[in-house]
Amino acid sequence: MAFILLHRRHLFTLLVQKKWRLFWSALENLGRMGLTNYVLQTFFFFLLFEFGYKQVKNGELLSIIILANLFYFAQIIFSIYWFKKFSFGPLEWIWRSTTNLYKNQPLQKKKLHSMVEQDAPLSQ
């Protein structure tokens, strides 16, 4: 019991420290694209194992682990850059748009100056 409390305390301190914010924000972006990343991983590794290179077919575990980690980090980088321009992941946007037919779901982020111009009253 004491070990569990100590572990939770340690995790909480990692969550609030400033030097970990970049790490947590990267994982947050990855989580916001959970469905897209899941489908990409499934598709990529299916193709790899089905038609893949020689080391995977021979079952060399180290090469599979390295490749999986490289693909995971590529997804983190892709998620970070995706959310600089868009509000949702591509499959998440399709999911939201098809389940909420009465409200338009914008995929791209609105630019700040266009939002200010639309909301600001005209002064003449």
Side-chain angles (χ1 to χ4, degrees):
M1 183 71 177
F3 178 72
I4 293 172
L5 292 175
L6 182 65
H7 180 66
R8 286 188 181 182
R9 182 175 162 256
H10 180 66
L11 281 177
F12 180 73
T13 56
L14 287 178
L15 284 172
V16 296
Q17 287 180 349
K18 288 183 180 182
K19 63 183 177 183
W20 287 92
R21 284 194 183 152
L22 180 62
F23 173 75
W24 293 120
S25 66
L27 288 183
E28 176 186 358
N29 288 332
L30 186 71
R32 287 176 59 197
M33 284 183 59
L35 178 62
T36 301
N37 288 327
Y38 171 73
V39 170
L40 280 175
Q41 283 178 2
T42 303
F43 184 71
F44 176 77
F45 285 105
F46 169 75
L47 291 178
L48 182 71
F49 287 122
E50 195 66 29
F51 309 108
Y53 66 98
K54 197 174 192 179
Q55 285 84 3
V56 173
K57 290 204 181 227
N58 292 339
E60 291 182 20
L61 184 61
L62 183 61
S63 65
I64 295 171
I65 291 172
I66 290 171
L67 189 63
N69 284 319
L70 287 174
F71 191 78
Y72 186 71
F73 288 123
Q75 282 185 317
I76 291 173
I77 292 169
F78 174 71
S79 297
I80 290 170
Y81 286 114
W82 181 269
F83 281 116
K84 286 184 179 182
K85 192 167 189 173
F86 299 103
S87 300
F88 306 107
L91 294 180
E92 288 77 12
W93 177 77
I94 292 170
W95 185 278
R96 287 177 73 116
S97 296
T98 55
T99 57
N100 193 0
L101 297 175
Y102 300 110
K103 185 177 179 186
N104 185 19
Q105 300 290 328
L107 180 61
Q108 288 190 338
K109 287 184 176 180
K110 292 182 180 179
K111 294 188 174 154
L112 185 58
H113 61 83
S114 65
M115 287 174 48
V116 173
E117 289 173 1
Q118 289 174 358
D119 294 337
L122 297 173
S123 58
Q124 294 179 344

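No hydrogens, no waters, no symmetry mates; every other heavy atom, side chains included, goes into these values.
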(message) Which residues pass the side-chain contact (heavy atoms from CB on, under 4.5 Å) test with Leu70, not counting sequence neighbours?
(response) Ile66
(message) Just to verify, what does Phe83 make a ring-ring contact (aromatic ring centres under 6.0 Å, His included) with, not counting sequence neighbours?
(response) none
How many angstroms lie between [atom1] in [X] and [atom2] in [Y], if you round to the nearest 0.5 Å?
X     : Y     : atom1 : atom2 : result
Asn69 : Ile64 : CG    : CD1   : 12.0 Å
Ser87 : Arg96 : OG    : CZ    : 9.0 Å
Thr98 : Trp93 : OG1   : CH2   : 9.5 Å
Ser97 : Phe88 : OG    : CZ    : 8.0 Å
Phe86 : Glu92 : CZ    : CD    : 13.0 Å

(message) Is any side-chain heavy atom of Asn29 closer than 4.5 Å to one of Ile76?
(response) no
(request) Without swapping roles, check the side chain of Asn37 against the backbone of Leu30 for a donor-acceptor pair under 3.5 Å. (result) yes
(request) Look at the side chain of Thr36 and the backbone N and O of Gly89, then say whether any donor-acceptor pair between them is shorter than 3.5 Å. (result) no
(message) Side-chain heavy atoms nearer than 4.5 Å, only ILVMFWY residues, links allowed to pass through others: does that put Trp95 and Tyr38 together?
(response) yes
(request) Identify whether Ile77 and Leu40 are in the same connected component of the hydrophobic contact network (ILVMFWY, side-chain heavy atoms under 4.5 Å). (result) no
(request) Could you tell me how the ring of Phe71 sits relative to the ring of Phe45: parallel (under 30°), tilted (30 to 60°) or perpendicular (over 60°)? (result) perpendicular
(request) Please list, chain by chain and in numerical order, all residues satisfying side-chain hydrogen bond (donor to acceptor under 3.5 Å, both in side chains) with Glu28, sequence neighbours excluded. (result) none
